[in-house]
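Proteins come first, then strands; the chains are lettered A, B, ... in the order of their sequence lines, and each starts at number 1. Given the structure is predicted, the values throughout are model-derived calculations rather than measurements.
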2 protein chains.
Amino acid sequence: MPQQASQRRSLLQEARCQTCSLSSLCLPLALELEDMGQFDAIIRRRAPLKKGEPLFRQGDLFTSVYAVRSGSLKQTTSEGNGNDQLTNFYLPSELVGLDGIDESYYPGSVIALETTTVCEIPFDRLDTLSEELPELRGQLYRSMSKELKDDRRMMRLLSRKTADQRLASFLITLSDRFRRRGYSPFSFRLSMSRADLGNYLGLAVETVSRILSRFQQQEVVAVSGREINILDMPRLITLAEEEEQAVTPR
Amino acid sequence: MPQQASQRRSLLQEARCQTCSLSSLCLPLALELEDMGQFDAIIRRRAPLKKGEPLFRQGDLFTSVYAVRSGSLKQTTSEGNGNDQLTNFYLPSELVGLDGIDESYYPGSVIALETTTVCEIPFDRLDTLSEELPELRGQLYRSMSKELKDDRRMMRLLSRKTADQRLASFLITLSDRFRRRGYSPFSFRLSMSRADLGNYLGLAVETVSRILSRFQQQEVVAVSGREINILDMPRLITLAEEEEQAVTPR
DNA sequence: CGAGAATTTGAGTTTTGTCAATGATCGTGG
DNA sequence: CCACGATCATTGACAAAACTCAAATTCTCG
């Protein structure tokens, strides 16, 4: 993922909502400065996770949700037998662990894809605080609702789209998420492996690799390892939607 | 769906949480009797929907969530071009419309599959009431969280399972939902068409039909139109998980 | 620098989709 | 109550997309 400069600055210092550059995207989005102080007070600092380290594991007791501060993570669910399903990638300002509320344990493991820092938000305190702060409550409802909406989009992708469309859609979505966070929407680094990508998109690794090669050949994107350059966004959008649907009138 | 007896009893009469047979599954689940009265007061009655009638349409302004009282519905999202994606079926006691909170309009249409009655719960009033009633708030969080969790399961189904496994999983899930509602888990009627089923499961109608025929031939289920009889649940569970994975030791 | 992991590419197979035709069911109106 | 049209469901034949297996190449990190 783009630059993790200032890695060395004191994390405790950085970890205050009032000074956090993500506060306009994150949970306290809608809060007044003084309310933000209250919210800030319930947050727990965590040591940065190294690549491959789990934030929590499937089956762990649910206690907190987490806001991603820097880096990225993946969520996977295992179903007894070997094969896991990767259900989500999380980028800075996104909220992790909301699907653990229902059963009071986490239904999937969440693992850092690179060095990653998060803010831990104990859920019982968040709930209590949301009683007093309607804006916070609203934001929490919205976060969950947005995730529901995104899930529906993902189901559509998995059930109706071809492999080409899936890759194109994924790149567009990622590009958009970077843009919203102030990074270049055209040039970025994937923090996940091709295997992760395939698992997430419901494709074999080989298929992912092949399609990326083809996109590159068609000069839609330039791919160099995990470095991505979107060269022709309009074309990519077309690819995501219609898949060469040959102009069949009617 | 199973028996809709007492259809004729006054709906207004029936539509009180305190006397509703679903209250142990529904949103007011965790409420004391007196709190339930408060909750009950914000609910609006609606005339029953006829088969094919929309509860709301994609793009409509989000105002309320709905609890299904009887019947069933499907949610579909259209993406400009023709083909829709069916993202959910809703049965009695389930909460519809939660994914509309985020953007303040509904991201999909919800349509009755048969004669269906719902309780309308205006969201602003629900939100306000949830401020005073922590149990209600908790239940609302849990409902959304559960839906997130179910969505993950669905993604897994769409991305990793074969057509046979998808059908088997679907039947098991449905069976379980009926069981929880006090209906027979082995004998029930599908309220959705084969086309709906295929759309939901990411399969062609023909595939759905073929597999159902095969299941019938193997005497796992008996199928007669939309009437389903599960004959061999253990086998069905096996089919959902391993797909004839031929006992390949290691 | 080197071993193991990750990625790419090729060849052949399998699953599922598409097209087409037939049969069953439902709902409506005579 | 039955007939008829329309929708829905089933079945067959073939095609296409994506998977699996295999092997070569590149990358990563100690």
*Asks:* Among all residues two or more places apart in sequence or in another chain, which pass the side chain to side chain donor-acceptor pair (under 3.5 Å) test with N229(B)?
*Replies:*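 Scan of N229(B) (side chain to side chain donor-acceptor pair (under 3.5 Å), adjacent residues dropped) gives none.
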*Asks:* Less than 4.5 Å apart, side chain to side chain, heavy atoms only: is that true for T173(B) and D150(B)?
*Replies:*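 Side chain of T173(B) against side chain of D150(B), heavy atoms only: no contact under 4.5 Å found.
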*Asks:* In whole angstroms, how far is the C1' atom of dA17(D) from the NZ atom of K161(A)?
*Replies:* 17 Å
*Asks:* Using a cut-off of strictly less than 4.0 Å, decide whether S213(B) has a side-chain nitrogen or oxygen near OP1 or OP2 of dT11(D).
*Replies:*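 So the side chain of S213(B) is within the cut-off, an N or O lying under 4.0 Å from OP1 or OP2 of dT11(D).
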*Asks:* Residues in side chain to side chain donor-acceptor pair (under 3.5 Å) with R226(A), at least two apart?
*Replies:* none
*Asks:* In whole angstrom, give the distance that lies between atom CZ of F215(A) and atom P of dT9(C).
*Replies:* 15 Å
*Asks:* Whole Å only: how far is the CD atom of E227(B) from the P atom of dC26(C)?
*Replies:*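 In whole Å, dC26(C) P lies 10 Å from E227(B) CD.
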*Asks:* Considering residues at least two apart in sequence or located in another chain, which fulfil the ring-ring contact (aromatic ring centres under 6.0 Å, His included) criterion with Y66(A)?
*Replies:*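 In terms of ring-ring contact (aromatic ring centres under 6.0 Å, His included), with neighbours along the sequence ignored, Y66(A) is linked to F56(A).
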*Asks:* Using the test salt bridge (Lys or Arg N to Asp or Glu O under 4.0 Å), find all partners of R194(A) that sit at least two apart in sequence or belong to another chain.
*Replies:*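 By the salt bridge (Lys or Arg N to Asp or Glu O under 4.0 Å) rule, R194(A) matches no residue at all.
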*Asks:* Rounded to whole Å, please give me the gap between CG in D164(B) and P in dT16(C).
*Replies:* 7 Å
*Asks:* Under the side chain to side chain donor-acceptor pair (under 3.5 Å) rule, collect the residues that match up with S93(A), sequence neighbours excluded.
*Replies:* R181(A)
*Asks:* Output the rounded distance in Å from CG (L158(A)) to P (dT16(C)).
*Replies:* 15 Å
*Asks:* With sugar-phosphate meaning primed atoms plus P, OP1 and OP2, does S209(B) contact a base, only sugar-phosphate, or nothing at under 4.0 Å between heavy atoms?
*Replies:*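 Touches a base.
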*Asks:* For the pair made of CZ in R194(B) and P in dA24(C), what is the distance, rounded to whole Å?
*Replies:*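 My rounded result for the distance is 15 Å.
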*Asks:* Rounding to an integer number of Å, can you tell me how far L190(B) CG sits from dC8(D) P?
*Replies:* 15 Å
*Asks:* What string of B, S and - do you get for nucleotides 19-29 of chain D, 5' to 3', when a contact is any protein heavy atom under 4.0 Å?
*Replies:* SBB-------S
*Asks:* Round to a whole Å and report the spacing from CG of L201(B) to P of dG17(C).
*Replies:* 11 Å
